[in-house]
Amino acid sequence: MKLFPLFADLHQRRVLVVGGGAVAARKAQALLEAGAQVRVGAPELNPELAVLAREGTITHVLGRFQEEWLADVWLVVAATDDAKVNAEVAAMAGARRILTNVVDDPALSSFQVPSIVDRSPLIVAISSSGVAPVLARRLRERIESLFDHALGPLAELAARYRPRIRERRPDLGARRRFYDWLMDGPVAALLRQSRAREAEHALDAALEQAQETPAGSVVLVGAGPGDPGLLTLKALRALNEADVILYDRLISADILSLARRDAERIDVGKRIGEDHAATQARIHALMVDHARRGRRVVRLKGGDAFIFGRGGEELQHLRAQGIAYEVVPGVTAALACAAHAGIPLTHREHAQSLHLITAHCRDDGDTIDWAALADSRQTLAFYMGVGQLDSLARRLQAHGRAPDTPFALVENGSRPEQRVVTGRLADMPTLARAHAVQAPALLIVGSVAALANELNWFGQHIDGMAQPA
Ligand code: SAH
């Protein structure tokens, strides 16, 4: 280990910052936040430091660096733009055994300032020992995204309740489980929604119960169209906290690999010989069963759970069973496919509205209002349409859509193997067959679809107008 990590208590302790520019100001601010008494030495101060000096928040010593400035000082930060002065500060402070940081100069520094993720009282500090600050910064961004802002209040709550938790849960094992519940359960969820009072009530109520009853919960998570980059931060967190993940067939391996390593992963896709009702009943039973056993269940669905995803039915079931739930929205296929195909779904010159339509009609007949879809100034996005392209093309034209209405079929949208086939509505079934378009694919109909020929930027693009079917 090249550096020894430590967290310094600078409260009411004097720290010297040498330099009066923007860098010095940034350092002074950070030190003030930690409660230090900041002395800034410089021939002149930038406006920000000048204000702090005027209001007495910092002490200003005027002039070029002098050894006396080091009197009563615990730490020194050298932040001038003069390498000679910085070296002089480092040498004199070093002789007095005062730890010194020379900004951006690890060789001259006897301590370095890490990148931090601040969820006070929790602080994560990252250092690359000065060799790769960029790497440390990137790591910091990753960690920043992993912990939401409820973590600080949660840690404070835990600290405040520590004596009571110890009293109510004298057994060490029970206490550990209680803390797990506190960190991951409804209290944390309430804090994330800034409902601090209710969070505290929930904690009180749980402590009142003599028995531990770890209440499980379900998070209904939209995983987006397949590219892991399109997961939301909330989805990522839910995957990190899950005990059990119930996932659909469309969920990519890349996304599942981001989940907590020891989470149980259960493929709940439709089984051979099973009808949809049976699949759905099995999923409902699994969710309830795992949640009742106190586990954090993530119900992971492609795209968004509330768009042709039966998310509503699943929540109704959870509600009826008295199981707590949360919903994390996902990027639905229409948005992802359009973005990756270069198709603006609305456009001032082409379309003022967007319809999301399932092409998969219920067994009891055609429930789509085709006449309403005839107006040419609206964009239609059909989900689950690959198997019915003939009838879709026929019906749209029969109800008034022009045969030369542009369409785009986006296969495997947002994934590396994405293909987009564009053309005229009348040619759609032939073109799709010629290029063997397969599910999952999204069909976009309307004049915006032709913009893909101009704006495409991702994956493979096949212009069916350029090459007649
Ligand atoms: N809840 C999902 C939709 C589920 S229905 C969502 O919000 O996206 C399944 C249909 O979604 C597929 O038949 C296909 O039409 C579409 N779909 C899902 N992912 C897709 C992808 N990566 N590329 C193209 N279409 C996709």
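Order of listing sets the numbers, starting from 1, for every ligand and every atom in it. Values reported hereafter were calculated over all heavy atoms of this structure, with side chains retained and with hydrogens, waters and symmetry mates removed.
In this structure, Gly302 is part of the shell of residues with a heavy atom less than 4.0 angstrom from ligand 1. Remark: distances from the non-hydrogen atoms of Arg415 to ligand 1 include one below 4.0 Å.
Listed by number with element, the atoms of ligand 1 under 4.0 Å from a non-hydrogen atom of Leu442 are 24 (C), 25 (N). Close approach of ligand 1 to Pro225 (heavy-atom distance below 4.0 Å) involves ligand atoms 22 (N). Of all the atoms in ligand 1, the ones that sit under 4.0 Å from a non-hydrogen atom of Pro440 are 20 (C), 23 (N), 24 (C), 25 (N), 26 (C). Interface atoms of ligand 1 facing Thr332, defined by a heavy-atom separation under 4.0 Å, are 6 (C), 7 (O), 8 (O).
Contact annotation: for Cys337 versus ligand 1, heavy atoms closer than 4.0 Å belong to the side chain alone. Using a 4.0 Å cut-off between heavy atoms, Asn412 contacts ligand 1 through its backbone alone, with no side-chain atom that close. With a 4.0 Å cut-off on non-hydrogen atoms, Val410 touches ligand 1 through its backbone and not its side chain. If you look at Gln418 next to ligand 1, there are no close heavy atoms at all, none under 4.0 Å.
Around atom CZ of Arg160, more than 12 heavy atoms belonging to other residues, nucleotides or ligands sit under 6.0 Å away. The environment of NZ in Lys234 is sparse: at most 12 heavy-atom neighbours from other residues, nucleotides or ligands sit within 6.0 Å. A 6.0 Å sphere centred on CG of Asp118 holds more than 12 heavy atoms belonging to other residues, nucleotides or ligands. Residue-environment remark: CZ (Arg164) exceeds the threshold of 12 foreign heavy atoms within 6.0 Å.
Ring-plane geometry between Phe178 and Trp181 is classed as tilted, the angle between the planes lying from 30 to 60 degrees on a 0 to 90 degree scale.
Here's the thing with Val331: none of its N/O atoms is less than 3.5 angstrom from an N/O atom of ligand 1. Of the N or O atoms in Ile307, one or more lie within a sub-3.5 Å distance of an N or O in ligand 1. When only interatomic distances are considered, the shortest N/O to N/O separation between Ala441 and ligand 1 falls below 3.5 Å. Remark: ligand 1 and Gly385 share no N or O pair separated by less than 3.5 Å (distance only, no angle test). Checked against a 3.5 angstrom limit, the closest N/O atoms of Tyr383 and ligand 1 fall outside it.
The residues Glu167 and Arg175 are annotated as not salt-bridged, no charged nitrogen and carboxylate oxygen being separated by less than 4.0 angstrom. Residues Asp254 and Arg415 are not paired through a salt bridge, judged by the lack of any N-O separation under 4.0 Å between the basic side chain and the carboxylate. Salt-bridge formation is not detected for the pair Arg176/Asp171: no Lys NZ or Arg NE/NH1/NH2 atom is positioned less than 4.0 Å from an Asp or Glu carboxylate oxygen.
Screening Arg319, Lys301, His284 for a side chain to side chain donor-acceptor pair (under 3.5 Å) involving Glu314 leaves a single residue, Lys301. Of the candidates Arg295, Arg260, Arg293, Arg260 is the only one forming a salt bridge (charged side-chain N to carboxylate O under 4.0 Å, His left out) with Asp243.
For the residues Ala333, Ser252, Ala223, Gly222, the heavy atom positioned nearest atom 19 (N) of ligand 1 is part of Ala333.
Protein heavy atom nearest atom 23 (N) of ligand 1, with residue, atom name and distance: Gly413 N, 2.8 Å. Looking only at protein heavy atoms, the nearest one to atom 9 (C) of ligand 1 is Met384 CG, 3.8 Å. At the top of the distance list for atom 4 (C) of ligand 1, counting protein heavy atoms only, stands Phe308 O, 3.4 Å.
If you check the side chains of Gln460 and Glu417, you find no donor sitting under 3.5 Å from an acceptor. Between the side chains of Arg377 and Gln352, at least one donor-acceptor pair of N or O atoms lies under 3.5 Å.
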